[in-house]
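Notes follow the structure.
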Amino acid sequence: MKYGLLTLTLFIFSCNTNQKEPAPLEIYDFTGIEPFLNRDDSKTYVVNFWATWCAPCVKELPHFEKIQKNYTDDVEVFLISLDFPHQYKTKLQPFIQKHQLSSKVIVLDDPDMNAWIPKIDSDWGGAIPVTLIYNASKRVFYNRTFTYKELESELKTFLTP
Amino acid sequence: MRRSTSKFYHLKEIILLLFVLFSTLAFTPIPTENGYDIGDVVTDFKLENIDGKFVSLSDFETAKGFIVVFTCNTCPYAVLYEDRIEALNKKYAKLGYPVIAIMPNNVTTKPGDSMEAMQQRAKEKGFTFPYLMDVDQLVYPQFGATKTPHTYILKSTKSGPVVQYIGAIDDNYSDPSLVKTYYVENAVDTLLNGGLIEVSKTKAIGCSIKI
């Protein structure tokens, strides 16, 4: 009986944790995303375009997380997800929860890609991952993947006074 | 004395040879790092189709041109366009612009794009176009394809197939019923009518080609 009660209690607890609602997603079209690409303050912004279905993106994502953790004061990381709307609940939200992403995740949902891709960078063909690092005085678009070391040394070129 | 003269001649010949070599190199059009641009002549290829036969552009003797699509099984964007690629072939193959699909990924990195998987998908979806594998990954860099799906429209000319359009199939990957601009159809229709293509380059998100 005792054990039965304990099992029941555990069961209820585990149900509660499972039922915990994931944080709502911030979803924008390109007009809504633009302000995140053009902030004009003292911080340096690291903007990574990714998706849960993109294997090389998922592979380098921990490096961006690590950057956010190691440079809390003067750097802000934005992870712009290009996941498909029908997979927000089934793929994206579970991914964010599972990996406890601490960087800010923003979702870009704008099917008219030819209209907005060139506005991010004229050399970008549309393959992901890509990364934009910018601050008030410098802006570089990276059509490549990063190791943590590579990402950090790029970031440092923005931080040196 | 003789010896030194002959040596001197050797040197002269070598210099001449080097000069010829360099001048040949200087005048040989080398494809840029970024691949073909609009107006470039495409070098033909020979790639294995899902039926085991090898396919080249020159096999299509009567083709007015081609709709070359770099695509694969595993990229969600490519999957969203599968039916539309098949529809393009149904509509334009008989008008002289067949679809040639090329799978550019390294199958060790993406086992879901193996020849068997390509055959399976083609069977399930009833593909009527050649679905070729760029097994040595030499063709997609020539084109400058960077992602799947990535489309090139070629027009047959006396000097070979010439690139007329590079980019996306249309302007809405997620919902075919919401498409406003049919880039590829507009371009092929224009070519069939002998006009000039208005939009010859477009951008779209895709999956990077796996090396």
Side-chain angles (χ1 to χ4, degrees), chain A residues 25 27-30 33 37 47-61 79-92 95 106-132 141-146, chain B residues 33-37 70 72-81 104-106 109-113 140 143-152 165-184 186 198-211:
Chain A
L25 294 171
I27 305 161
Y28 301 97
D29 62 6
F30 186 69
I33 289 289
L37 311 177
V47 187
N48 175 245
F49 291 81
W50 71 291
T52 60
W53 50 259
C54 163
C57 305
V58 170
K59 195 181 164 194
E60 66 170 6
L61 214 55
L79 302 176
I80 300 190
S81 158
L82 289 159
D83 275 85
F84 299 98
H86 70 272
Q87 291 179 334
Y88 291 163
K89 277 205 168 129
T90 54
K91 292 267 170 72
L92 182 58
F95 185 96
I106 315 159
V107 185
L108 172 54
D109 177 26
D110 196 332
D112 191 4
M113 296 166 169
N114 187 50
W116 57 261
I117 287 175
K119 288 183 191 165
I120 291 172
D121 191 88
S122 57
D123 285 336
W124 183 20
I128 54 171
V130 290
T131 299
L132 172 74
F141 180 79
Y142 302 91
N143 201 340
R144 54 167 289 187
T145 55
F146 285 104
Chain B
E33 204 189 330
N34 299 322
Y36 298 132
D37 204 344
F70 290 89
C72 68
N73 284 358
T74 52
C75 172
Y77 283 97
V79 171
L80 282 165
Y81 272 108
N105 287 339
N106 179 341
T109 322
K110 281 275 166 191
D113 286 322
Y140 87 78
F143 274 78
T146 55
K147 60 186 188 286
T148 54
H150 203 159
T151 309
Y152 292 74
Y165 171 86
I166 303 173
I169 290 172
D170 57 43
D171 67 355
N172 195 313
Y173 65 89
S174 73
D175 191 344
S177 69
L178 294 178
V179 171
K180 289 193 202 86
T181 314
Y182 296 87
Y183 303 124
V184 165
N186 290 351
E198 262 178 66
V199 182
S200 58
K201 275 183 175 181
T202 56
K203 302 275 177 80
I205 296 289
C207 310
S208 58
I209 290 170
K210 304 298 180 291
I211 48 170

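Protein chains get the first letters and strands the later ones, always in sequence-line order, with residue 1 at the start of each.
When all heavy atoms of A:Trp53 and B:Gly206 are compared, the pair lying nearest together is CH2-O, 4.3 Å. The two residues B:Ile205 and A:Ile117 come nearest to each other via the heavy atoms N-CD1, 3.5 Å.
Neither the backbone nor the side chain of B:Lys180 comes within contact range of chain A, judged by heavy atoms closer than 4.5 Å. Heavy-atom distances place both the backbone and the side chain of B:Ala204 under 4.5 Å from chain A. With a 4.5 Å cut-off on non-hydrogen atoms, A:Asp109 touches chain B through its side chain but not through its backbone. Proximity to chain B (any heavy atom under 4.5 Å) is shown, for A:Leu82, by both the backbone and the side chain.
A donor-acceptor pair is defined here as one N or O able to donate and one able to accept, closer than 3.5 Å; no such pair exists between the side chain of B:Lys147 and the backbone of A:Gly126. Looking only at distances, a side-chain donor or acceptor of B:Lys203 sits under 3.5 Å from a matching main-chain atom of A:Ser122.
Rounding to the nearest 0.5 Å gives a distance of 11.5 Å between CG of A:Asp112 and CG of B:Leu178.
Residue A:Ile27 places its CD1 atom among more than 12 non-hydrogen atoms of other residues, nucleotides or ligands, all under 6.0 Å distant.
For the pair A:Asn114 and B:Tyr183, the minimum side-chain heavy-atom distance is below 4.5 Å. Inter-residue side-chain proximity for A:Pro56 and B:Ser208 is flagged as met; some heavy-atom pair is nearer than 4.5 Å.
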Inset, instruction - Give the intermediate values and the outcome of side chain to side chain contact (heavy atoms under 4.5 Å, CB included) for residues B:Thr146 and A:Trp124. - result: CA-CA 10 Å; B:Thr146 55; A:Trp124 183 20; over 6 Å; no
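Ring geometry for A:Phe84 against B:Tyr77 counts as tilted: the plane angle lies between 30° and 60°, on a 0 to 90° scale.
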